[in-house]
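Encoded as structure tokens, the structure appears first; notes follow it.
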2 protein chains.
Amino acid sequence: MARALAHPTRDQIVLPTVLDCLSDPTRLAIVCSLAGHDQAATDLRCGDFAGFSGKSNLAYHFARLREAGLISTRVQGTTRYMTLRRDDLDTRFPGLLDSVIKSAMSDMEPWMPVGCRLVCESADQLEARPGFEPG
Amino acid sequence: MARALAHPTRDQIVLPTVLDCLSDPTRLAIVCSLAGHDQAATDLRCGDFAGFSGKSNLAYHFARLREAGLISTRVQGTTRYMTLRRDDLDTRFPGLLDSVIKSAMSDMEPWMPVGCRLVCESADQLEARPGFEPG
DNA sequence: CTCCATGTTCAATACATATTGAACTATTGG
DNA sequence: CCAATAGTTCAATATGTATTGAACATGGAG
């Protein structure tokens with residue numbers, strides 16, 4: 001069921017909700033990972049963030065990010081691929097996402113959840129994915 | 001007592017805390033008011049935000065803003081004058097404050113607490129202040 | 001000194017949040 | 001069909017948050 005998940009429209013995205021989403025260290029790290037992955041060949045799956053927290057906790061955070069309009073989730077089989085809604089966010093709040101990500105990247109150490117570097121600093125695990133073929 | 005309130009150092013300011021502060025509609029409105037008041041002759045007092053909420057609730061929000069490093073509070077007699085820590089924030093998180101404020105200003109209506117326009121849209125009350133003298 | 005205004009502190013409340021583990025629902029592959 | 005995989009949903013918990021009103025502290029004005 002629920003083949004297509006509910007996403008807010010561009011103009012349903014509201015600033016306080018977005019900021020609240022970004023204020024959580026785990027979610028901020030997720031967003032940074034997605035941003036750093038922007039031009040890669042594949043989107044990231046839930047499982048790629050296994051180092052961040054437990055599965056059920058990740059599902060919770062992904063739902064919050066999706067409902068706030070920060071990410072879009074594409075369902076494909078049993079896996080879900082996530083993308084940052086860059087265009088929508090840049091249109092709605094110009095410059096916001098860039099400055100947040102840049103600020104976050106410059107000093108993550110104090111607040112970043114353990115295991116984030118797995119996704120942030122390398123794409124090695126991508127090649128380790130079953131069925132992965134480089135572009 | 002407590003002639004000088006505790007303020008965090010510039011490098012003690014952390015991104016998630018700042019975002020969390022800005023994610024509350026009341027605090028976001030306060031910050032916007034302070035930003036819009038930047039080049040005026042006087043700083044804003046607690047009482048200038050009376051329309052936002054009750055006194056004790058405002059004290060709570062101002063403490064949060066101060067402890068997060070967003071505003072600095074100068075005590076003078078029984079009144080407290082507030083300023084945005086623009087330089088510190090711009091140094092620490094370049095572009096962040098501007099984009100947040102610009103985004104907030106562009107569509108406040110949906111989330112802004114009642115009474116905000118009192119401070120945002122006019123400076124009439126400044127002249128109504130006891131002892132106010134225009135520059 | 002006494003009144004008044006400004007703002008804080010405290011206790012109580014109602015509510016939201018992040019995190020956990022266990023149970024459940026698909027979907028894929030042998 | 002069977003087993004494994006990916007991820008959700010639910011219930012429980014612990015903790016943080018915003019908001020309120022009443023009581024308190026402090027400084028200025030008559």
Side-chain angles (χ1 to χ4, degrees), chain A residues 1-6 16-30 42-68 71 73-82 111-115 125 128-132, chain B residues 1-6 16-30 42-68 71 73-82 111-115 125 128-132:
Chain A
M1 276 293 135
R3 272 300 166 86
L5 300 183
T17 313
V18 167
L19 294 175
D20 184 52
C21 249
L22 294 171
S23 74
D24 179 89
T26 305
R27 286 191 296 259
L28 185 48
I30 291 174
T42 47
D43 291 344
L44 289 173
R45 311 167 307 166
C46 295
D48 292 322
F49 300 87
F52 286 53
S53 179
K55 283 202 305 179
S56 59
N57 189 235
L58 283 177
Y60 165 71
H61 285 303
F62 283 128
R64 273 184 86 52
L65 285 167
R66 177 173 46 81
E67 286 158 13
I71 68 175
T73 306
R74 176 171 46 92
V75 184
Q76 194 166 349
T78 69
T79 82
R80 304 185 168 202
Y81 295 97
M82 258 87 59
W111 49 265
M112 192 153 94
V114 204
Q125 56 199 335
R129 267 191 212 168
F132 176 79
Chain B
M1 279 292 132
R3 270 301 164 85
L5 300 182
T17 314
V18 167
L19 294 175
D20 184 53
C21 247
L22 293 170
S23 75
D24 179 89
T26 305
R27 286 192 294 260
L28 186 49
I30 291 174
T42 48
D43 292 344
L44 290 174
R45 309 167 308 165
C46 295
D48 292 323
F49 300 87
F52 287 53
S53 179
K55 283 203 303 179
S56 59
N57 189 234
L58 283 178
Y60 166 70
H61 284 304
F62 283 127
R64 271 183 88 50
L65 285 167
R66 177 173 46 79
E67 287 158 12
I71 67 174
T73 307
R74 175 171 47 92
V75 182
Q76 193 166 348
T78 69
T79 82
R80 304 185 169 202
Y81 294 97
M82 258 86 61
W111 50 265
M112 192 154 92
V114 203
Q125 56 201 336
R129 264 193 214 166
F132 176 79

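Lettering of chains follows the sequences in order, A, B, ..., and the numbering in each one begins at 1. Just so you know, these numbers use all the heavy atoms, side chains as well, and skip hydrogens, waters and symmetry mates. No experiment lies behind these values; they were computed from the predicted model shown.
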### Query
How many Å lie between CG on B/D43 and C1' on C/dT6, as a whole number?
17 Å

### Presence of B/R64 side-chain N/O under 4.0 Å of D/dT17 phosphate oxygens OP1/OP2
yes

### Query
Can you tell which of C/dT19, C/dT6, D/dT20 lies closest to the side chain of B/S53?
D/dT20

### Query
In whole Å, what is the span from the CE atom of A/M82 to the P atom of D/dG7?
7 Å

### Distance-minimising heavy-atom pair for B/P25 and B/W111
CB-O, 3.5 Å

### Message
Quick check: on DNA chain C, is the nucleotide nearest A/G54 upstream (toward 5') of the one nearest A/T78, or the reverse? Name the residue that is more 5'.
### Response
A/G54

### Task
Please state how far atom CG in A/D48 lies from atom P in D/dT5, giving the value in whole angstrom units.
16 Å

Name the pairs: protein N/O against N/O of nucleotides 8-10 of chain C, kept only if under 3.5 Å.
from	atom 1	to	atom 2	distance (Å)
C/dT8	OP1	B/R80	NH1	3.4

### Message
Expressed as a whole number of angstroms, how long is the span from A/L44:CG to D/dA6:P?
### Response
15 Å

#### Entry: All side chain to side chain contact (heavy atoms under 4.5 Å, CB included) counterparts of B/A63, not counting sequence neighbours
B/R66, B/E67

#### Entry: Listed partners of A/T73 passing side-chain hydrogen bond (donor to acceptor under 3.5 Å, both in side chains), at least two apart
none

### Query
When the distance from CG of A/N57 to C1' of D/dA11 is rounded to whole Å, what number comes out?
15 Å

### Message
Without decimals, in angstroms, what is the distance between A/L19 CG and C/dT17 P?
### Response
15 Å

### Query
Atom CG of B/D20 and atom C1' of D/dT17: how far apart are they, to the nearest Å?
9 Å

### Task
Return the set of residues passing side-chain hydrogen bond (donor to acceptor under 3.5 Å, both in side chains) with A/T26 (not counting sequence neighbours), or none when no residue passes.
none

### Message
Between A/C46 and A/K55, is the side-chain contact (heavy atoms from CB on, under 4.5 Å) condition met? List the steps.
### Response
CA-CA 8 Å; A/C46 295; A/K55 283 202 305 179; over 6 Å; no

### Task
Please list, chain by chain and in numerical order, all residues satisfying side-chain hydrogen bond (donor to acceptor under 3.5 Å, both in side chains) with A/D20, sequence neighbours excluded.
A/R64

### A/R45, nearest nucleotide to its side chain (from C/dT6, D/dT17, D/dG7)
D/dG7

### Task
Please report, rounded to the nearest Å, how far the P atom of D/dA6 is from the OH atom of A/Y81.
10 Å

### Message
I want to check one thing: is the phosphate of D/dT17, taken as OP1 and OP2, less than 4.0 Å away from some side-chain N or O of B/H61?
### Response
no

### Message
If we ignore hydrogens and angles and just use 3.5 Å, is the side chain of A/D24 paired with the main-chain N or O of A/C21 as donor and acceptor?
### Response
no

